[in-house]
Amino acid sequence: MSPRQRLSPADRRAQLLTVGAQLFAARPYDEVLMEDVAKEAGVSRALLYRHFPSKHALFAVVYQQAADQLLADTRLDPADSLVEQLIQGMDVHLDYFIANRQAVLAVNRVLAGDPVIQSIMTNELDALRTRLLAVVPLARESAREAVSAVLKSWLVFVQVLCVDWLTRETCTRTELRDSCIGALLGALRPLLAEDPTQGWPPQRPDVDA
């Protein structure tokens, strides 16, 4: 247990979120207890409950912070090719998924029917779709709705495939990433002004990372 420190309310809340994020990443959701969070943070349960009235409330804020950070770290730069942008975005998300395996599984399985958690997920996916739609080179403006629909379906496909992979790694991380990107490039090809498969597949190193 960490020694008790005097912190401002904002700093204490941030500390509790950090501890919560660490525990939710390391353990299945059902095995994380609020008393464990309080113990790791070096605070009383009463203080913890003043900041977060339930485990669900704590997890929801941890997950919202993670979703916000993923969006901030996903760099969609028009100066890069579509392939480069997709690789960067997939790498950011896969790094988070792997480091926070139990939290990701909780979102997609244990809390799959929870409206608060699913709203956070839906908002992130919608934001990613909007940002991707702004950088893909449309063949014609009338193709925008079709491309948007492809992107929406693809993001769900990636979500399902990655959750399955976290449960049972049937391929390498690079193979997973490239399968996801390849699926989108193939689906978008008829709708874009430029062939999105140029520079694809990427040069593979001798040893998979």
Side-chain angles (χ1 to χ4, degrees), residues 21 24-26 28 62-109 111-112 117-118 120-138 146-209:
F24 287 126
V62 166
Y63 181 47
Q64 181 67 69
Q65 284 191 337
D68 292 342
Q69 191 60 53
L70 284 169
L71 284 173
D73 291 342
T74 301
R75 187 180 65 252
L76 295 176
D77 187 345
D80 295 333
S81 70
L82 180 58
V83 165
E84 289 170 332
Q85 294 177 74
L86 291 172
I87 289 174
Q88 191 273 337
M90 282 295 306
D91 281 341
V92 165
H93 281 75
L94 285 173
D95 286 346
Y96 173 79
F97 293 164
I98 292 168
N100 297 272
R101 182 184 303 261
Q102 294 299 335
V104 175
L105 291 175
V107 168
N108 289 276
R109 296 201 168 163
L111 300 171
I117 300 303
Q118 294 312 303
I120 296 170
M121 178 189 295
T122 298
N123 289 340
E124 190 213 351
L125 294 181
D126 284 347
L128 284 171
R129 177 176 48 151
T130 298
R131 292 171 62 184
L132 281 167
L133 190 59
V135 298
V136 295
L138 298 175
V147 170
S148 179
V150 168
L151 291 172
K152 181 178 182 179
S153 298
W154 177 73
L155 288 166
V156 174
F157 164 78
V158 170
Q159 175 189 351
V160 172
L161 191 60
C162 288
V163 169
D164 183 70
W165 182 81
L166 288 173
T167 305
R168 188 165 58 97
E169 296 183 17
T170 53
C171 61
T172 68
R173 177 192 185 281
T174 299
E175 288 169 342
L176 172 68
R177 183 199 69 187
D178 291 353
S179 294
C180 291
I181 294 173
L184 179 60
L185 295 177
L188 288 178
R189 192 172 185 178
L191 301 168
L192 301 187
E194 304 166 7
D195 185 352
T197 62
Q198 290 181 6
W200 186 263
Q203 197 100 33
R204 287 190 179 278
D206 292 335
V207 179
D208 183 38

Enter the distance from [X]:[atom1] to [Y]:[atom2] here, rounded to the nearest 0.5 Å.
X: Gln118; Y: Asn123; atom1: CD; atom2: CG; answer: 11.0 Å
X: Thr174; Y: Leu94; atom1: OG1; atom2: CG; answer: 9.0 Å
X: Glu124; Y: Asp68; atom1: CD; atom2: CG; answer: 8.5 Å
X: Asn108; Y: Phe97; atom1: CG; atom2: CZ; answer: 7.5 Å
X: Glu169; Y: Glu175; atom1: CD; atom2: CD; answer: 11.5 Å
X: Leu188; Y: Glu194; atom1: CG; atom2: CD; answer: 12.5 Å

Query raised in the report: Thinking salt bridges, do Asp91 and Arg75 make one under a 4.0 Å N-O criterion?
Result: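 Judged by the 4.0 Å cut-off on N to carboxylate O distance, Asp91 and Arg75 do not form a salt bridge.
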Requested in this report: Work out which heavy atom in Tyr96 is nearest to a heavy atom in Ala66; give both atom names and the distance.
Outcome: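 What the structure gives for the nearest pair is OH-CB, 3.3 Å.
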Query raised in the report: Of the non-hydrogen atoms in Asn100 and Ala21, which two are nearest, and what is the gap between them?
Result: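 Heavy atoms of Asn100 and Ala21 come nearest at OD1-O, 4.4 Å.
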Query - Stepwise side chain to side chain contact (heavy atoms under 4.5 Å, CB included) check, Asp178 with Trp200 - result: CA-CA 9 Å; Asp178 291 353; Trp200 186 263; 3.6 Å; yes
Query raised in the report: What's the verdict on side chain to side chain contact (heavy atoms under 4.5 Å, CB included) for Asp77 and Gln88, showing C-alpha distance, side-chain angles and the deciding distance?
Result: CA-CA 10 Å; Asp77 187 345; Gln88 191 273 337; over 6 Å; no
Report task. For side chain to side chain contact (heavy atoms under 4.5 Å, CB included), just list the numbers for Leu155 and Asp126, CA-CA rounded to whole Å, side-chain angles, deciding distance to a tenth of an Å, and then say yes or no. Result -> CA-CA 9 Å; Leu155 288 166; Asp126 284 347; over 6 Å; no
Is any side-chain heavy atom of [Y] closer than 4.5 Å to one of [X]?
X: Met90; Y: Val158; result: yes
X: Ile98; Y: Val104; result: no
X: Leu82; Y: Leu192; result: yes
X: Asp73; Y: Asp95; result: no

Report task. Show your working on side chain to side chain contact (heavy atoms under 4.5 Å, CB included) between Val135 and Asp80 and close with a plain yes or no. Result -> CA-CA 10 Å; Val135 298; Asp80 295 333; over 6 Å; no
Query raised in the report: Backbone N or O of Thr74 within a donor-acceptor pair of the Arg131 side chain at under 3.5 Å?
Result: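 Here the side-chain-to-backbone pair exists.
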